[in-house]
Amino acid sequence: MKYYLTTPIYYVNAAPHIGHAYTTIVADLVKRFKRMQGYDAVLTTGSDEHGVNVERAALRTSKTPLEFCDVIAAEFQKEWKRLGLEIDCFQRTTSPQHARVVQDLFERCRKNGYIYKGSYTGQYCIYDNLYVNEAKPGDPCPDCGRPTETITEENFFFKLSAFQDRLLELYNQRFEFIQPETRRNEVIAFVKAGLSDLSITRTNVKWGIPVQGEAPHVFYVWFDALATYMSAVDGKGLWPADLHLIGKEIVRFHAIYWPAFLMAAGLELPKRIFAHGWLLFEESKMSKSRGNIVRPEPIRQVIGVDALRYFLLREVVFGQDGSFSYDALVGRYNSDLANGLGNLASRTLSMLDQYRGGLIPQGSDRAIAALAGQTIHAAEAAFGRFEFSRGLESVWGLISAVDKFIVQQAPWKLAKQPHAEAQLNTTLYTSAEALRIATALLYPVLPESALKIWAQLGIQEPLSSVCLADLHWGQLLTGQKIGQVSAVFPRIDPQPAIEKMRELEVAVTAEQNALLGKTQEPAGAPPPESPKITIDDFAKVDLRVGLVQSAEPVKGADKLLHLKVDIGEREPRTIVAGIAEAYKPEELLNRKVVIVANLQPRKLRGLTSNGMIVAASIEGGKPVLAAFLEDIPVGARLR
RNA sequence: GGCGGCGUAGCUCAGCUGGCUAGAGCGAGGGUCUCAUAAUCCCUAGGUCCGCGGUUCGAGUCCGCGCGCCGCCA
């Protein structure tokens with residue numbers, strides 16, 4: 001049995017952030033879970049690469065649109081790879097095979113009489129080259145503030161209005177088609193209010209899929225983007241999709257337009273659409289202008305992918321909005337993963353080592369066995385309903401029951417009593433077996449860590465091939481030798497970890513902005529606040545006035561200059577600086593600059609740099625050297 | 001303005017078709033044990049279940065009105 005699920009395809013005007021990661025992680029979880037239920041699960045994601053915004057962004061980075069898309073699509077693919085997500089197909093809307101599917105979808109709709117040529121009238125900003133959707137005649141452009149013009153353009157239209165009744169019937173007959181229910185209500189209300197036809201092509205945009213034989217028409221947004229769900233698995237017999245996972249902001253397109261397109265084309269409809277909520281950052285919406293977009297990479301580096309997965313699935317009620325904060329992330333990690341699961345693994349395995357030479361004994365506690373059985377069912381049922389936080393709660397119920405059980409049995413006392421062999425065996429087997437079951441159940445959520453615990457239990461059967469239907473108490477083999485024991489979730493100190501993540505965050509954001517050709521944050525964005533330092537901290541930095549005595553390019557490095565700088569010492573300092581794109585060597589000769597004199601030496605392209613030159617830098621822009629208006633002697637210290 | 005949803009312990013949330021003396025996890029305070037990752041385990045929260053009115057033997061749980069948030073639409 002196949003189970004085909006999708007994430008939305010992400011628009012390449014932004015680099016991957018935690019919101020993208022959230023949807024994709026959930027999709028990966030569902031895929032793994034479905035596989036454990038015995039399905040051949042296939043997961044696709046991709047990138048949405050057409051449109052004016054992409055054309056512009058490409059221009060900013062002096063690339064062709066396709067070159068630009070290549071870069072950003074690669075960023076997404078790299079991110080999913082780093083996060084260990086099992087993506088079967090990454091579909092790009094610029095792939096030729098996708099274009100064929102879009103054109104085919106259009107032709108089918110057209111043949112069935114649901115496409116007509118009409119004219120679209122809207123408010124258009126001739127400076128920004130875009131339609132302002134909500135504007136009335138005379139309204140200014142929200143981007144540049146200049147007046148918009150009323151423009152009429154010939155477009156192809158899709159007869160969405162013809163589908164009102166059929167859509168309502170669909171929602172009525174298939175209750176689970178749109179979930180959660182609140183989204184379903186919204187959609188029904190929207191459709192009941194009446195549907196107007198959709199303009200699905202543009203003639204003033206070049207960067208899009210051409211409508212065959214109808215130049216200069218290209219497909220506009222949804223006809224193009226939604227079709228990836230089919231093109232990604234074209235010819236593989238996987239359509240219709242079993243699940244489209246989406247964010248709540250695109251419910252309308254998925255629950256109304258998409259089924260209408262498919263009905264018009266005479267194609268099968270997806271089985272289910274599930275819309276999740278938004279991730280808020282410490283109560284406020286994440287947005288570029290607030291500068292509070294969280295990236296997954298720093299989190300991965302500091303506490304690992306599984307911690308992020310666990311947090312997102314446990315802390316956020318799936319379907320509702322959730323709040324992300326580094327505090328809560330680390331809190332969950334320490335209390336649930338380190339103290340809970342990790343510690344249970346650690347104490348159980350180390351007792352097996354100490355008291356039984358690392359061999360699994362025989363014996364089993366009935367109460368815990370029964371609870372484990374219940375937990376298997378409860379967790380599977382909850383995951384099946386997309387109630388991930390509930391499913392995890394039930395697994396933690398088992399974990400905490402075993403912790404309690406261990407204290408009651410006090411195996412460390414039993415080990416000292418001559419006649420308690422059997423009871424000790426039972427205690428150890430029960431703990432280890434419960435750990436095995438919890439680990440198997442958690443595999444979809446914590447794939448990396450579950451594999452580690454599995455190996456530490458010494459189980460030979462691959463975890464990825466465990467089937468939930470066959471998971472039962474008592475399958476842990478007596479006599480089995482456990483593996484090497486080590487902490488799976490080492491407890492972490494919150495403050496340094498959070499600081500580290502914040503630091504990395506800034507670096508990652510800067511890199512990504514450079515890729516997107518963004519020279520600076522939009523106006524009004526407060527720069528991310530750095531942690532406060534004391535005057536003593538500052539005093540550690542030895543800043544001095546230096547005079548550039550020589551400057552020359554570094555072979556094989558476009559950005560580097562090799563400088564000799566006099567800072568009042570016997571010999572001039574050798575400093576390698578990444579400023580070649582901003583300054584020519586001759587511009588720097590005899591210029592006074594600010595040097596960090598006590599920076600650890602660092603080797604760059606074979607040269608050892610003894611210090612750093614101070615420059616202001618704008619994200620994605622060129623550095624500007626610090627300088628003085630008054631004359632100042634070489635070697636003077638800045639403080 | 002119309003429609004939909006929500007408002008329960010410091011925080012995040014459970015409480016289905018009305019019977020609860022109102023629950024869980026986290027956090028906080030106290031104690032215990034020592035196998036374990038300064039982990040575990042035990043005890044401790046006295047919360048007008050947003051307010052008011054109603055239905056009922058009995059209402060976080062149903063109905064009406066009001067207040068406050070949020071979403072969709074206009």
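Chain A is the first sequence line, chain B the second, and so forth, proteins listed ahead of strands; every chain is numbered from 1. These numbers come from the heavy atoms of this one structure, side chains and all, not from hydrogens, waters or symmetry mates.
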B:C49 - base-pair partner by Watson-Crick or wobble geometry, distances under 3.5 Å: none

Would you kindly give the CZ-to-P distance between A:Phe324 and B:U12, to the nearest whole Å? 16 Å

I need the full list of salt bridge (charged side-chain N to carboxylate O under 4.0 Å, His left out) pairs touching residues 328-346 of chain A, with sequence neighbours left out, sorted by first then second residue. A:Glu315-A:Arg332, A:Arg332-A:Asp336

Nucleotide opposite B:G27 in a Watson-Crick or G-U pair, distances under 3.5 Å: none

If we ignore angles and hydrogens, is there a donor and acceptor under 3.5 Å between the side chains of A:Gln409 and A:Gln423? yes

Let me have a per-nucleotide readout for nucleotides 35-42 of chain B, 5' to 3', with B, S or -, counting only protein heavy atoms under 4.0 Å. BBB-SBSS

A:Lys248 atom NZ is separated from B:C73 atom P, nearest whole Å, by 12 Å

Give the rounded distance in Å between these two atoms: NZ of A:Lys192 and P of B:C73. 17 Å

Between A:Phe261 and A:Phe158, is a ring pair (Phe, Tyr, Trp, His ring centres under 6.0 Å) present by the stated rule, with each step listed? CA-CA 8 Å; A:Phe261 294 165; A:Phe158 175 80; 4.8 Å; yes

By the 4.0 Å heavy-atom rule, please label A:Glu249 as base, sugar-phosphate, or nothing. nothing

Please give the nucleotide sitting opposite B:C3 as a Watson-Crick or G-U wobble pair, both distances under 3.5 Å, or none. B:G71

Could you tell me whether A:His472 atom NE2 has more than 12 heavy atoms of other residues or ligands within 6.0 Å of it? yes

Tell me whether A:Gln362 at atom CD has more than 12 heavy atoms from other residues, nucleotides or ligands lying less than 6.0 Å away. no

Roughly, in whole Å, what's the span from CG in A:Asp321 to P in B:G4? 20 Å

